[in-house]
Amino acid sequence: KSITMIKEEDLEKAEVDAISTAAKHVANMLQRPDQLERVEQYRRRVARKKASVEARLKTAVQSQLDGVKTGLGQLSTALQDVQEVQQQLNELEETYKKCHDLNEKLKEVKAVGARHSQLASAVENLKHIFTVPETVEETQQLINEGELLKAHKLLTDLETSRDDLLYEMHKLPSPSPTDNALLRHYFADVGKLSDSMAKQLWYSISRALSMVRKDPTMLVTALRIIEREERTDKEMLQRQKITGFLPPGRPKKWRETCFKTLEVSVATRIEGHQPETRDLNKMWLVRHLEITRKYVLEDLKVVKVMFQQCFPPDYNIFQHMVSMYHNALSVHLQELISDELESNEIISLLMWYNSYESEELMGNHELEIDTSQLSPLLTDDAVAKLQQQYLKTLYKNVTSWKTNTLNKDVNDWQQDTEPEADGDGYYLTQLPVIVFQIIWEHLEVAALVSPRLKLRVVDLLLECVLRFTEQYQEAITTYKTTHFEDRSGSLFFTAYMIAIINNCLAFKEYTQQLKTKHLANDDNPSRESKIQAVIEQFTTIGKRSCHYLLDEVFTDLEPHLKGLVTRQWITSDTAVDTICVTIEDYCRDYVHLKQHFFVELMVEAEKRVTVEYIMAMIGRRISFKNYEDRKACAEKVQKEATQLVQLFSKLAPSQEKSPCEVLKVMAEVIKLQDTAFLSLELSGLVKDYPDIQPEHIQALLALRGDVSRSEARQLANEVLGDEAERAKKPPPPPGGMFAQITMQPTMPLIRKN
């Protein structure tokens with residue numbers, strides 16, 4: 001009742017809404033007086049629309065009514081069918097109740113039927129039962145002769161007879177164990193025949209790749225027999241589900257054994273391709289991998305073309321064989337890896353691994369293998385461990401090799417002949433070429449494996465080179481020390497030291513080439529810092545070696561340097577003349593030194609001569625009592641300073657201010673007649689050479705002979721400031737000449753190296 005009321009309310013509401021909508025529609029159409037003339041036209045249009053809607057509504061209702069009528073008819077038919085089924089079930093139940101005693105009545109008939117079935121089976125297999133020994137012997141003879149199809153026919157007959165008899169015994173309510181054992185014993189040779197047949201089959205399957213090339217008949221025969229046994233297995237298993245009886249030896253699963261035999265055969269073929277060992281041939285692994293690649297590719301082509309013609313389609317033999325070869329290769333590679341391979345062998349294996357899916361093997365267009373479906377030949381962990389083993393072995397080998405190479409180079413330093421010279425006459429040894437030749441080789445080889453391995457090799461080799469620079473510096477220092485202990489022992493010390501310095505420049509150039517060629521697109525800051533560290537190390541070694549060359553020069557100059565600014569020096573030009581001649585003489589040897597380090601050497605030589613001259617001036621070797629002596633000394637210093645400037649300008653022209661110019665400024669301090677202007681003159685000296693210390697100024701003033709110690713100290717503090725003021729000033733630029741001279745009470749002058 002409530003639902004009816006709700007529907008009536010909805011209808012009333014819908015009617016009110018319709019009237020309201022219609023009124024609005026009419027109001028919109030009749031907004032102007034002239035539209036009243038069209039009222040009749042509007043009425044006819046609305047009437048047509050109403051008629052159309054009513055027609056569609058009638059059609060929809062009629063369709064619904066037809067569907068309901070059809071459904072009611074089907075429900076009626078279904079009800080009748082259900083009633084008939086119910087009636088038949090009731091009749092069947094009544095019939096079943098009447099058959100309750102039928103089993104007891106037919107018990108004797110059942111027993112007779114069972115005996116009849118056994119007798120029928122015995123009669124059917126009678127000829128086989130009496131001829132079992134002869135048939136077994138004939139079957140074995142056929143197997144031995146290779147007549148496998150005929151032998152399998154006889155074997156099938158024997159197995160059928162045995163299985164039928166055993167099945168009949170199985171059906172007995174109380175089968176006799178004695179009879180069962182007797183029957184099994186009687187047919188015992190049948191199982192042996194089956195094993196003998198299987199042995200021949202597996203022999204044929206194991207040699208399938210060879211057979212299919214020459215005569216596939218035996219292979220096809222073996223596969224036909226295997227398929228027959230597979231069908232028999234399925235039939236016996238199906239019958240077991242119904243009867244619970246399974247003949248002895250079933251299921252044979254010969255198809256499964258066939259695949260296992262093929263798998264063993266594939267593994268044996270791969271392992272058999274290793275004709276040599278490392279002891280016989282250093283390239284044994286390269287040869288082995290290439291032979292393996294060649295044979296695997298040939299085998300898979302044979303499988304692709306010929307195996308698929310022999311094997312049933314459902315074997316999917318090509319995919320199975322690809323998987324077998326893939327898995328066998330994976331196992332074989334892991335065995336090779338476990339044998340502690342050498343670095344070159346690891347690279348060979350990794351390169352072979354990288355080409356595995358290429359056109360050279362699995363990616364060959366004739367095979368049409370989807371390599372993306374293959375599992376990894378080696379796991380990522382195995383590859384990572386292999387690469388780590390390679391890096392470890394490489395580091396050990398390269399370190400040992402570089403040490404031996406360096407030792408050979410060091411031994412060459414002791415020869416009684418000059419080192420080799422390049423086309424421009426620059427001395428050198430083969431050390432840089434040999435060291436970087438091995439670096440290029442390893443990088444090129446690593447790049448063939450992967451870019452990532454190449455970068456790891458770069459890091460390792462840079463570490464080796466950094467370690468090598470330490471050994472190189474130690475060897476050079478030892479060579480220098482030994483030479484200065486007995487200078488007659490190394491006749492060509494200067495020549496080989498020049499070669500060493502030139503080598504440092506070559507090392508720097510090769511290192512820069514390494515960066516340009518192999519690290520052009522690499523932005524790793526750690527690797528960049530290693531490159532710079534190597535370059536800086538060789539730069540440092542080159543500079544130190546330049547110092548060792550100068551040690552040789554200044555050892556010869558030592559007596560003449562000690563003669564500077566002495567009483568004898570005032571009246572003689574021998575000291576500076578000898579210094580200039582000696583330096584020029586050594587420069588004749590330095591023509592074999594490359595320009596970069598030659599300029600470096602001359603700059604350092606000029607600084608050292610200047611420092612030695614300064615030390616002579618402030619070393620308190622003499623002092624002057626009058627102005628004329630001071631003037632003579634100052635003019636001589638200025639003259640010799642000019643001589644030295646001219647010498648080094650001739651040997652190594654430079655745009656920079658000569659260090660010897662300081663001698664002229666110091667000479668002006670000595671030459672100055674009026675001590676009142678000393679402060680001004682010293683201020684100019686301090687301005688140009690900010691590394692000068694109060695002790696240096698005091699010692700320089702002491703050379704004049706007319707300035708007391710207290711006055712000298714006061715002047716020094718005046719131009720430099722007291723200790724507190726000097727502490728506040730920024731430190732002078734490094735490399736100044738006065739910074740190399742330390743003055744102590746007990747040892748007036750000490751030159752810092």
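A side-chain donor-acceptor contact under 3.5 Å links W284 and E345. A side-chain N or O of Y356 and one of H326 form a donor-acceptor pair less than 3.5 Å apart. Donor-acceptor pairing under 3.5 Å is recorded for the side chains of S372 and D370. A donor and an acceptor atom, one from each side chain of D412 and Q415, are located under 3.5 Å apart. Checked by atom type, the side-chain pair N354/S450 shows no donor-acceptor distance below 3.5 Å. Checking Q473 against T477 by side-chain atom types alone, a donor-acceptor pair falls below 3.5 Å. Counting only N and O atoms by type, the side chains of E420 and Q430 include a donor and acceptor under 3.5 Å apart.
Counting heavy atoms from C-beta outward, V457 and L461 have side chains that approach closer than 4.5 Å. Counting heavy atoms from C-beta on, the side chains of L428 and I498 never come closer than 4.5 Å. Within the 4.5 Å cutoff, no side-chain heavy atoms of Q308 are placed close to those of V303. Counting heavy atoms from C-beta outward, Y510 and V433 have side chains that approach closer than 4.5 Å. Looking at K594 and I501, their side chains never come closer than 4.5 Å, going by heavy atoms from C-beta outward. Side-chain contact between D422 and N502: absent, with no pair of heavy atoms (C-beta onward) separated by less than 4.5 Å. Side-chain contact between I541 and N503 is absent, with no heavy atoms from C-beta onward closer than 4.5 Å. Looking only at side-chain heavy atoms (C-beta outward), I583 and C587 come within less than 4.5 Å of each other.
Side-chain N or O atoms of T261 include one that pairs as donor or acceptor with a backbone N or O of T257 at under 3.5 Å. A donor-acceptor pair is defined here as one N or O able to donate and one able to accept, closer than 3.5 Å; no such pair exists between the side chain of S400 and the backbone of K396. No donor-acceptor pair closer than 3.5 Å links the side chain of H518 to the backbone N or O of L514. The backbone N or O of E536 sits less than 3.5 Å from a side-chain atom of T540, completing a donor-acceptor pair. Between the side chain of R207 and the main chain of Y203, no donor-acceptor pair closer than 3.5 Å is present. Between the H592 side chain and the G425 main chain, a donor and an acceptor come within less than 3.5 Å of each other. A donor-acceptor contact shorter than 3.5 Å links the side chain of T379 to the backbone of A382. Side chain of D424 to main chain of Y426: no donor-acceptor pair is present (N/O by atom type, distance under 3.5 Å, no hydrogens or angles). N364 places no side-chain N or O within donor-acceptor distance of the main-chain N or O of E360, the cut-off being under 3.5 Å.
Atom CZ of R224 has 12 or fewer neighbouring heavy atoms from other residues, nucleotides or ligands inside a 6.0 Å radius. Heavy atoms from other residues, nucleotides or ligands lying under 6.0 Å from CZ of R544 number 12 at most.
Of the charged side-chain nitrogens involved, none lies within less than 4.0 Å of a carboxylate oxygen, so that K253 and D233 do not count as a salt-bridged pair. The pair R588-D585 counts as a salt bridge, with a side-chain nitrogen and a carboxylate oxygen less than 4.0 angstrom apart. Ionic pairing of K543 and E604 is not present here: no N-O contact between side-chain nitrogen and carboxylate oxygen is shorter than 4.0 angstrom. Ion pairing of E227 with R255 is present here, as a side-chain N (NZ or NE/NH1/NH2) and a carboxylate O approach within less than 4.0 Å. Taking 4.0 Å as the cut-off between side-chain N and carboxylate O, K260 and E263 do not count as a salt-bridged pair. Ionic pairing of K252 and E230 is not present here: no N-O contact between side-chain nitrogen and carboxylate oxygen is shorter than 4.0 angstrom. For D409 and K402, the salt-bridge test fails: no basic side-chain N is under 4.0 Å from an acidic carboxylate O.
Pairing each heavy atom of C504 with each of G542, the nearest pair is SG-N, 3.6 Å. Summarising the geometry of Y586 relative to V553, their closest heavy-atom pair is CG-CG2, 3.6 Å, with the distance given to 0.1 Å. A pairwise comparison of heavy atoms in L148 and M218 identifies CD1-CE, 4.0 Å as the closest pair.
The stretch residues 359-409 participates, sequence neighbours left out, in no ring-ring contact (aromatic ring centres under 6.0 Å, His included) pair at all. Among residues at least two apart or in separate chains, ring-ring contact (aromatic ring centres under 6.0 Å, His included) pairs with a member in residues 445-478 are F468-Y472, F468-F507, Y472-F507. Counting only residues at least two apart or on different chains, the ring-ring contact (aromatic ring centres under 6.0 Å, His included) pairs with a member in residues 290-311 are H273-Y295, F307-F311, F311-Y315.
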Carefully, step by step, assess R213 and D299 under the rule salt bridge (Lys or Arg N to Asp or Glu O under 4.0 Å). CA-CA 10 Å; R213 287 180 169 95; D299 288 353; 3.3 Å; yes

Could you give me the CA-CA distance, side-chain angles and deciding distance for R487 and D556, then say whether salt bridge (Lys or Arg N to Asp or Glu O under 4.0 Å) is met? CA-CA 11 Å; R487 295 179 65 191; D556 291 342; 2.9 Å; yes

Before you tell me yes or no, could you show the steps for L367 and L297 under side-chain contact (heavy atoms from CB on, under 4.5 Å), namely the whole-Å CA-CA distance, both residues' side-chain angles and the distance that decides it to 0.1 Å? CA-CA 9 Å; L367 300 181; L297 183 59; 3.8 Å; yes

Could you give me the CA-CA distance, side-chain angles and deciding distance for W352 and L333, then say whether side-chain contact (heavy atoms from CB on, under 4.5 Å) is met? CA-CA 10 Å; W352 192 90; L333 290 184; 4.0 Å; yes

Step-by-step side-chain contact (heavy atoms from CB on, under 4.5 Å) determination, K294 to E298: CA-CA 6 Å; K294 179 180 177 182; E298 290 180 357; 3.5 Å; yes

If you apply the rule side chain to side chain donor-acceptor pair (under 3.5 Å), what do you find for T217 with D215, and how did you get there? CA-CA 6 Å; T217 304; D215 182 10; 2.7 Å; yes

Go through the steps to decide whether N344 and V286 satisfy the test side-chain contact (heavy atoms from CB on, under 4.5 Å), and finish with yes or no. CA-CA 10 Å; N344 61 317; V286 175; over 6 Å; no

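Cation-pi check for K304 over F318 is met; the charged atom lies under 6.0 angstrom from the ring centroid and within 45 degrees of its normal.
Atoms OG1 and CD, from T511 and Q532 in turn, are 10.0 Å apart once rounded to the nearest 0.5 Å. Rounded to the nearest 0.5 angstrom, I346 CD1 and L394 CG are separated by 9.5 Å. Considering CD1 of I347 and CG of L341, their distance stands at 11.5 Å, rounded to 0.5 Å. Here the CE atom belonging to M497 is positioned 11.5 Å from the CG atom belonging to L593, to the nearest 0.5 angstrom. For the atom pair CD of E229 and CG of L201, the computed distance is 8.5 Å after rounding to the nearest 0.5 Å. Taking CG of L289 as the reference point, atom CE of M283 lies at 10.5 Å (rounded to 0.5 Å).
With sequence neighbours left out, the ring pair (Phe, Tyr, Trp, His ring centres under 6.0 Å) criterion links F492 to no other residue. Residues passing the ring pair (Phe, Tyr, Trp, His ring centres under 6.0 Å) test with H596: none are found, sequence neighbours excluded. By the ring pair (Phe, Tyr, Trp, His ring centres under 6.0 Å) test, F493 is found to be paired with Y479, H483, F484, residues two or more places apart in sequence or in another chain being considered.
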